[in-house]
Amino acid sequence: MIAEPDGPEDRLRRFATIWSRAVFPATSTSLTRPEFEELLLPLARRLSEALRARTFEAEEGKAVGAALVSAHCTDPDALTRSLECVDAYLVLYCGGDGSQEDLRIRSARLQHAMAAGFAQALRERTLAEQEAISVAALQAQGVVAQALHATEARFRAVFEGAAIGIGMADLDGNILQVNGALLRMFGINDQTMGGRNVREWTHPDDAPQTWTLYDELVRGEREHYHVEKAFYRPDGTVLWTNLTVSLLRDADGNPQYQLALMEDTTERRLLNLRLRYEATHDALTGLPNRTLFFERLEKALGAGNNQRFGLCYLDLDGFKTINDSLGHAAGDRLLVEVADRLQSCATAPGEMVARLGGDEFVALTTGPDTEREVDELAGRIMNALITPVSIDGRDLTVRGSIGIVEGPAGERGPAEVLRSADITMYRAKSAGGNRFELADPEADARAITRHGLTTALPAALDRNEFFIEYQPLVHLGDGSVRGAEALVRWLHPQHGVLGPDRFIPLAEHTGLIVPLGRWVLEQSVRQARAWRETYGDDVPLRINVNLSPCQLTHPGLVQDTVDILERTGVAPDALCLEVTESALIGADDDLLKPLRRLAEMGVDIALDDFGTGYSNLANLRRLPVSILKLDRSFTQSMQQFPADPVDLKIVEGIVSLAHSLNLAVTVEGVETGAQAEQLRILGCDTAQGWFYARPGPPERLHDLALVDATG
């Protein structure tokens, strides 16, 4: 058994050895096979570096293809063997630890670039041969009679020995001479070629300018031209060539003959088509991939003449569960079945289906009436997914969420359209899935803004864009200020001041809430120290700081709080941490343990938004809380007189229960004097709301507290 090469250089050498053994038999060179391997080694290194480079450079592949021509690997079979070797072994020996799928895609692009570089170099070599032949032909026409025989012998040697097809014809197109290479390319003999005329060789794929250039040449208006041209062979197959036609003049400069040089590019064209297919189609499902889809979408969006487009962006619901439970092989088979069903849904002209990656598919329709057609297309897709997919004896139910974007061509670019479809698809998924939604510009704008805020959050914390406002907590008995709730704000460079409802959910989703919460806690505690230094014990102001569910589960919560209190020299009883009721519903002892430790230290714990979480009131006895913050929904009716008697009874019952458990009651959202008075009568302890003060800078609380202290 052959041991695997150890280091990268050993693996590179192994790749070069395999490459040289594959290509050497098809190479016209005087080198030995080991010498030829040394010639290929630097080319292998260039391919290896291009495969793993941060940015793909097609020029590296082209340079390697051109180097093969310079190394006399001009036989088409040499290129074919090289590309097969790169396809089979480059990723294996030179890919390293990168993503295999990404490396395979880049390898295919390198093969495509190699073929292009090989073709260009061979074409330049062909033109050089054509120049040499033209010179020999002119010399054969123009030298004196004594040297005519020798010149014609040289011309005949070049004519017969060239690897490319060569033919001469008069100005009427009658073929006079062809060499053996051209006969072999067409698969015919010299007798069959005799009597043929150039104009018989038309082909449906001829470029529009092909015969215009020919007419200009035989009229003497141009000296040569170069085109890619197809010919029919006698057996009906197609021969593709790089064709160069030159005009030969007599000694007086009059047009006399036409000379054609043909390079057989059939195999290379087929190889390029195969590489193009592999680069633009999904290997698993055979559907067009992201690259080809973007080409089609860009073309559709650039169309004029009142054309429209419709796009369906499909993501399978619960596909990860299938992969995790049944394995990736089953997931792949499911994707193939879904692709087949989607393909059958988009068969009309102007419709296509593509796989973007993973379990994401897109369907595109174009035409003048896509408003109706895209809805019908989405309906066909949803219907196609209804029938379960049978895999390994299991019937799997397939569900999908679709985002639809429809509109006139020419108004948006591909990236914008796909982003809108992606946003809309996730809106359909958030609504329960197994449905489709139409794009909504306002919803798109909100989602884009959310995304922008999410990506800007980390830098905002580093740039000190957050600040804290404080809303006073007022004692309902004597009206004195007892403290304040810290409310974080974001001074965004573009959107201005943003409230916590705009960015706290995003911070929780990204995990930034932990460092942000730590910053808020430290700033707030420092402010509490400043207040106590100003008023002393005569006005014992307390600071309330909100904790998110994510912070509750963070292992550093207790230690961070202790460190901040010790650094600032603030006593624990100056701090109250507010936790929402919904965060503690069903909380186990592990979740409550940090709160209990903080409560034992003297930190107050407040149960925020009480009454919205539908928790069992009996659970209050096991929670380490000392304060209930009653949600404003229970007290809104008290802004009017008379208040709703049912709400009065509910609040009275909650206050009575809380006091029996030695819990203080704070009320949020107090906006009128009548409301404050009613809450005082019901026995609530403290309150906050616009009736007392809106959230503001710490100086405003300073003024309110100063009035209390001196009043």
Side-chain angles (χ1 to χ4, degrees), residues 1-53 57-96 103 106-132 157-158 160-164 180-181 184 242 263-265 267-268 271-272 275:
M1 182 174 180
I2 301 176
E4 282 294 309
D6 295 324
E9 190 64 27
D10 293 329
R11 300 177 71 84
L12 180 68
R13 169 67 72 175
R14 179 61 177 158
F15 171 66
T17 301
I18 295 173
W19 188 6
S20 67
R21 288 173 178 170
V23 177
F24 185 72
T27 303
S28 300
T29 178
S30 59
L31 299 176
T32 64
R33 210 280 305 162
E35 291 172 338
F36 184 65
E37 178 181 328
E38 292 300 321
L39 185 68
L40 292 184
L41 184 59
L43 303 185
R45 181 171 285 106
R46 294 187 72 168
L47 290 176
S48 175
E49 293 171 352
L51 180 70
R52 294 177 284 104
E57 295 289 346
E59 294 302 320
E60 287 297 301
K62 291 181 179 179
V64 172
L68 289 175
V69 175
S70 300
H72 306 291
C73 302
T74 54
D75 191 298
D77 192 41
L79 175 63
T80 301
R81 295 186 182 191
S82 291
L83 295 177
E84 289 175 348
C85 184
V86 170
D87 183 57
Y89 298 104
L90 181 62
V91 173
L92 178 63
Y93 283 99
C94 305
L103 291 171
R106 181 167 285 194
S107 174
R109 295 176 67 187
L110 279 174
Q111 295 171 56
H112 194 279
M114 284 177 61
F118 184 92
Q120 182 178 350
L122 196 57
R123 186 177 301 115
E124 292 172 355
R125 175 170 172 160
T126 299
L127 290 175
E129 286 189 356
Q130 180 248 336
E131 182 65 25
V158 174
E160 293 296 342
I164 59 175
R184 290 190 295 272
N242 279 328
E263 176 197 357
D264 185 352
T265 62
E267 287 191 20
R268 191 157 67 244
L271 179 62
N272 284 336
L275 293 175

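What you see below is based on every heavy atom in this structure, not just the backbone, and it leaves out hydrogens, waters and symmetry mates.
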Discussion item. Run the ring pair (Phe, Tyr, Trp, His ring centres under 6.0 Å) test against Phe24 and tell me which residues pass, sequence neighbours left out.
Written reply: Phe36

Worksheet item: Sub-3.5 Å donor-acceptor pair from the side chain of Arg52 to the main-chain atoms of Cys94, do we have one?
Response: yes

Practice prompt. Go through the steps to decide whether Arg45 and Glu9 satisfy the test salt bridge (charged side-chain N to carboxylate O under 4.0 Å, His left out), and finish with yes or no.
Written response: CA-CA 9 Å; Arg45 181 171 285 106; Glu9 190 64 27; 2.4 Å; yes

Discussion item. List the residues meeting salt bridge (Lys or Arg N to Asp or Glu O under 4.0 Å) with Glu38, not counting sequence neighbours, and say none if there are none.
Written reply: Arg13

Discussion item. Is any side-chain heavy atom of Arg21 closer than 4.5 Å to one of Arg81?
Written reply: no

Worksheet item: Which distance, rounded to the nearest 0.5 Å, do you find between the CZ of Arg125 and the CD of Glu263?
Response: 10.5 Å

Worksheet item: Between Arg11 (side chain) and Leu92 (backbone), is there a donor-acceptor pair under 3.5 Å?
Response: yes

Worksheet entry | Glu35 side chain reached by Leu39 side chain, heavy atoms, under 4.5 Å | no

Worksheet entry | Listed partners of Arg123 passing salt bridge (Lys or Arg N to Asp or Glu O under 4.0 Å), at least two apart | none

Discussion item. To the nearest 0.5 Å, what is the distance between CG on Asp264 and CG on Asn242?
Written reply: 10.0 Å

Fill in: Heavy-atom closest contact (Leu275 atom, Ala108 atom, distance)
CD2-O, 4.4 Å

Practice prompt. Please list, chain by chain and in numerical order, all residues satisfying ring pair (Phe, Tyr, Trp, His ring centres under 6.0 Å) with Phe118, sequence neighbours excluded.
Written response: none

Worksheet entry | Reported CG-to-CD1 distance for the pair Leu40 and Ile18, which is rounded to 0.5 angstrom | 12.5 Å

Practice prompt. Rounded to the nearest 0.5 Å, what's the gap from CD on Glu60 to CG on Leu43? Could you check?
Written response: 10.5 Å

Discussion item. Checking Thr17 now: which residues fulfil side-chain hydrogen bond (donor to acceptor under 3.5 Å, both in side chains) with it, not counting sequence neighbours?
Written reply: Glu37

Please tabulate, one pair per line, all N/O donor-acceptor pairs under 3.5 Å involving side-chain atoms of residues 61-68, not counting sequence neighbours.
none

Worksheet item: Can you tell if the side chain of Cys85 reaches within under 4.5 Å of the side chain of Phe15, non-hydrogen atoms only?
Response: yes

Response to the item:
Hits for side-chain hydrogen bond (donor to acceptor under 3.5 Å, both in side chains) against Arg184, two or more places apart or cross-chain, chain-then-number order -> none

Review item, side-chain donor-acceptor pairs of residues 109-117, under 3.5 Å, at least two apart:
| residue | atom | partner | partner atom | Å |
| --- | --- | --- | --- | --- |
| Gln111 | NE2 | Asp87 | OD1 | 3.3 |
| Gln111 | NE2 | Ser107 | O | 3.3 |
| Gln111 | NE2 | Ser107 | OG | 3.3 |

Fill in: Polar side-chain atom of Ser48 near backbone of Ala44 as donor-acceptor pair, under 3.5 Å
no

Fill in: side-chain hydrogen bond (donor to acceptor under 3.5 Å, both in side chains) partners of Arg106, counting only residues at least two apart
none

Item to complete: Return the set of residues passing side-chain hydrogen bond (donor to acceptor under 3.5 Å, both in side chains) with Thr80 (not counting sequence neighbours), or none when no residue passes.
Response: none

Response to the item:
Distance col, row Arg268:CZ vs Leu79:CG, nearest 0.5 angstrom, shows 7.0 Å

Worksheet entry | Sequence-distant partners of Leu103, side chain to side chain contact (heavy atoms under 4.5 Å, CB included), two or more places apart | Leu51, Val91, Gln100

